[in-house]
Amino acid sequence: MSELLRRLHYLLHRRRLDAELANDMEFHREMAARDGRRLGNTLRLREEAREAWGWMWIDRLAQDLRYAARLLRRSPGFTMAAVLTLAIGIGANVAAFGFFDLIVLRPLPVREPETLLRFTRHSPEAYASTLPYPAVAFYREHSRSLSAVLALDSGKLAMEGDQNRLDAHFVSANFFQELGAAPRLGRLLDPARDEPANAEPVVVLGHGFWQRRFGADPLVIGKTIRLNGKPAAVIGVASSDFSGLSLDEPDLWAPLTRQPYFVSGSHLLTDWSNDGSGVRMWGRLQPGQTSQAAEEELRALAAALRRQHPNVTWKDESLPSQPGGYATGSMTGTRRGTGPAPASELYPVAALIGTLVLLILAVSCSNLGSLLLARGVAREREIMVRVAVGAGRTRLIRQLFTESLLLALLGSLAGLALGYVVLRNMLALTGAPPWLDATPNGRVILFAIGVGFLAAILFGLMPAWQVARQRHRATLMRQILVGAQIAASCVLLIVAGLLVRALDHALSTHPGFEYQQVISIDPGLATHGYSPAQARTYLDTLQSRLRELPGIASVCLTSTPPLGNRMMVSRIEIDGRTISVHINRVTPPFFETMKIPLLRGRSLQPGDARSIIVSEPFARFHWPAENPLGKQFSTGVDAAGAPVNHTVVGVSGRERLVALKDPEAVEMYQLAQPADLASLVVLAKTSGPPEDVAAAVTRIARSGDPTIFPEVQLLKNSFRRKLRDAEGSALVVGLFGLISHLLACLGIVGVVAFAVSQRTKEIGIRMALGATPAHVLSVVLRHFSRPVVVGLALGVGGAAALSQLLRRELYGISHLDPVSYLAAVAAFAVTVAVAALLPARRALRVDPVNALRNE
Amino acid sequence: MPVGTLVLLILRVLRSGPLHGYAIAQRILTLSSDVLRVEEGSLYPALQRMLLKGWVSAEWGISETNRKVRFYQLTPEGRQQLETELSDYDRVNAAVQAVLRLA
């Protein structure tokens with residue numbers, strides 16, 4: 001231990017102690033000279049003496065770094081090209097990791113995010129991400145392990161004078177307090193004042209909404225606004241860096257206990273049923289409690305609840321928790337279904353993006369590696385001199401690698417800057433909330449340096465080894481580098497091609513139903529507590545009024561509006577084979593309104609309680625060789641436990657109404673029953689452009705009940721919205737692919753040009769002996785044909801493997817789609833050929849006389 | 001100079017009092033009747049190692065030629081190390097002698 005301290009002491013006082021040693025040896029020399037003896041090389045002796053302290057590597061590193069810096073300064077062109085290439089490769093990785101960090105690793109800006117948990121419902125047969133509000137109240141009252149329980153329900157409210165409906169979050173009154181939020185203006189919700197049932201109705205405005213709609217007016221506090229026709233006082237404005245517990249920014253917050261006030265007739269607060277919308281639940285752990293303890297307690301409470309309300313909780317219901325203080329906790333929005341809960345899609349997507357950005361890094365590094373090898377030739381003399389003076393191979397490699405490390409450090413810094421710019425623009429373009437800050441934190445900076453180090457190893461180590469061995473003329477290394485570049489950018493280009501083609505396919509092919517001229521009207525009767533009889537009256541009136549409107553061709557009802565956000569999926573088992581089916585409860589005019597063809601059988605008729613129409617892929621899956629009409633299967637069990645059998649009466653086409661992307665989605669249609677009426681949506685097909693009739697339709701929709709504010713949408717807008725994601729990802733990956741392709745082509749240009757300049761003499765001799773231009777070209781390019789072919793093959797293989805992860809995003813195109821692959825490979829081959837031929841042409845202009853003269 | 005004995009010799013020589021580098025070499029040379037010549041290239045590295053290990057410490061002093069130079073002296077750890085090395089050396093020496101005599 002004290003030895004270490006002595007070493008450190010030496011390190012800190014090196015100069016003084018070395019001078020003292022020099023003095024000692026100088027004195028020794030004088031005395032020895034006096035006695036007639038000669039001393040050896042003092043300098044070397046002093047160095048040997050210094051070695052004992054073990055800090056020589058610092059000196060060597062400093063020396064190498066100084067030399068590397070000098071070298072880089074002397075060739076600014078190379079340095080800039082290298083740093084730029086590295087910046088692109090590292091920057092892409094930094095941007096991707098920065099995004100991942102923001103969404104998954106960084107806690108939301110709330111108080112003590114580590115103690116927040118998001119709870120969802122699970123049982124062996126079903127899952128749901130929301131709970132009935134009375135259940136949440138029960139857990140809040142009886143839980144000992146949670147110090148606070150938060151609830152949230154999102155909804156839409158119509159504000160007087162505003163065309164669009166507002167996004168509102170109804171939250172428990174302790175929401176802002178628990179999250180430690182401070183208001184920008186006024187006050188936020190307070191449990192004491194806003195929780196009681198008779199409290200005055202108040203709202204808190206979101207910061208963005210306050211700026212957009214009220215022009216950041218400070219006098220908005222205390223003003224009354226009318227939401228869904230009901231007055232409410234504005235008590236405050238949230239600050240711009242308040243995130244809530246989710247990634248979406250609502251326009252305003254209101255107390256959950258006042259939701260029935262705004263949404264008249266709503267049963268949210270008293271509805272125990274599993275089909276109601278329910279609320280999202282978070283809890284904060286008591287200090288010292290673990291999430292397992294909380295889950296155990298909630299499981300026991302759920303069992304206790306089941307004894308009191310046997311129909312509303314599931315058997316063996318558990319409430320698993322997820323970290324609530326992170327953005328991932330908000331990603332399970334509102335989902336429910338039977339069977340096991342589907343796995344999170346986050347990690348496959350993250351893995352895919354990670355692989356893509358690593359490919360870009362690979363292209364950058366191979367590019368740079370070839371550059372370094374080329375420079376190795378130019379530094380031949382320097383290396384030879386060093387070897388002659390006594391440098392060992394390890395020393396040389398260490399020095400060359402230090403140069404790569406310095407380059408990598410510069411590249412990391414540039415990549416960090418570039419990644420930050422890219423991420424910030426990406427966040428701005430996708431309309432991310434303002435509290436998502438793209439500024440790199442310690443983790444991102446460390447990641448950038450780590451990636452830089454990895455890049456240094458990738459592009460620097462092998463060339464350093466080759467150059468130190470003075471074997472840089474060997475072509476194998478170069479061929480490997482060229483092949484690697486080609487393979488990596490080929491994969492990116494193919495994947496981009498697949499996404500572009502999928503988008504084109506989605507836009508151009510008919511989804512199996514008519515959407516250009518259909519308007520959907522969603523009155524949301526269920527949230528207003530309409531009974532089936534009331535709903536029937538309302539809907540019948542609405543439909544007959546719409547039919548009277550000129551310009552409307554047909555009207556129908558459905559439970560899941562096409563191209564909407566609602567999905568009902570069930571697993572149906574027939575003869576041992578299970579399939580996931582999208583369920584639609586419709587009225588008979590549905591097929592005519594949506595122009596869905598009926599390939600066999602008949603449409604649904606009033607009174608058809610147990611008849612079903614299935615889509616063609618369903619029929620093909622279960623009854624490939626037989627006539628499906630008349631077949632029976634069960635869709636589940638009724639209250640007594642007996643299977644509910646349905647008969648197939650018709651087969652529709654290949655339409656996919658909601659899950660456009662999923663190639664395996666199949667549809668099933670049943671007649672809407674009275675129980676479904678309150679959740680049905682009206683669809684109206686127009687005979688001309690839907691925009692012409694939209695205003696009249698909205699007027700009619702509002703005329704039914706003044707407390708209801710139906711949402712009117714043109715299906716063609718919904719279609720465009722659905723494709724926005726696909727457009728975004730095609731754009732981004734396309735950009736990646738083009739940039740890496742450009743880098744690869746530049747790399748090839750450089751390598752071929754270099755090869756030409758190296759072999760000028762040989763080319764001169766060949767031309768003097770009468771070689772044809774074609775022969776000369778083939779000689780120059782021969783070395784590169786193999787790596788290009790191997791690279792292309794690897795690229796195609798890699799793309800085929802990678803695109804497996806993309807299958808769900810391809811809108812039905814096979815991930816091995818030959819058109820995309822061929823187009824990408826062809827485009828690639830052509831550009832690579834051009835990139836190689838351009839510098840190779842220079843070989844043809846070699847003057848044999850000059851070439852032979854300049855040895 | 002047998003390997004490893006240089007440190008032992010320096011420690012022993014310094015037991016009698018602090019000396020500067022040249023004096024240590026001279027003392028060893030004289031006491032061994034010109035047989036054990038300590039090269040400068042081995043003396044100073046050895047002294048640095050002993051400084052690192054804490055067996056000697058260096059203090060400034062004035063030489064006989066009125067020049068400022070560092071004098072090396074034994075530390076208590078150095079004294080202990082000297083005892084250890086002496087006993088080791090005796091043991092090894094006796095063993096070698098035994099083999100040479102009896103083999």
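Here is the naming used below: chain letters follow the sequence lines, and residue numbers restart at 1 for every chain. Note: hydrogens, waters and symmetry copies are ignored here, and every other heavy atom, side chains too, is used.
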Worksheet item: Under 3.5 Å, is there a donor-acceptor pair between the side chain of A/N23 and the main chain of B/K68?
Response: yes

Discussion item. Please evaluate residues A/D24 and B/F71 with respect to the criterion side chain to side chain contact (heavy atoms under 4.5 Å, CB included), reporting the C-alpha separation (whole Å), side-chain torsions for both, the decisive distance (0.1 Å), and the verdict.
Written reply: CA-CA 9 Å; A/D24 282 354; B/F71 281 72; over 6 Å; no

Hey, is [atom1] on [X] packed in by over 12 heavy atoms from elsewhere, all under 6.0 Å?
X	atom1	answer
A/Y67	OH	yes
A/R381	CZ	no
A/R60	CZ	yes
B/Q80	CD	no
B/Y89	OH	no

Practice prompt. Work out which heavy atom in B/Y22 is nearest to a heavy atom in A/A32; give both atom names and the distance.
Written response: CE1-N, 3.8 Å

Response to the item:
Scanning both residues in full, the closest heavy-atom pair of B/A25 with A/H28 reads CB-CE1, 4.3 Å

Fill in: Chi angles and distances behind the side chain to side chain contact (heavy atoms under 4.5 Å, CB included) call for B/R67, A/M31
CA-CA 11 Å; B/R67 199 180 180 309; A/M31 302 293 280; over 6 Å; no

Fill in: Part of B/L51 within contact of chain A (heavy atom distance under 4.5 Å)
both

Worksheet item: Checking B/E77 against chain A: side chain, backbone, both or neither under 4.5 Å from a heavy atom?
Response: neither

How long is the straight-line distance from [atom2] of [Y] back to [atom1] of [X], given to the nearest 0.5 Å?
X	Y	atom1	atom2	answer
A/L21	B/R70	CG	CZ	6.0 Å
B/T65	A/F27	OG1	CZ	4.5 Å
B/K53	A/R6	NZ	CZ	9.0 Å

Discussion item. Taking the side chain as everything from C-beta on, heavy atoms only, tell me whether A/E3 gets closer than 4.5 Å to B/L52.
Written reply: yes

Worksheet item: Do you know which of B/H20, B/Q48, B/E39 has the most heavy-atom pairs with chain A at a distance under 4.5 angstrom?
Response: B/Q48

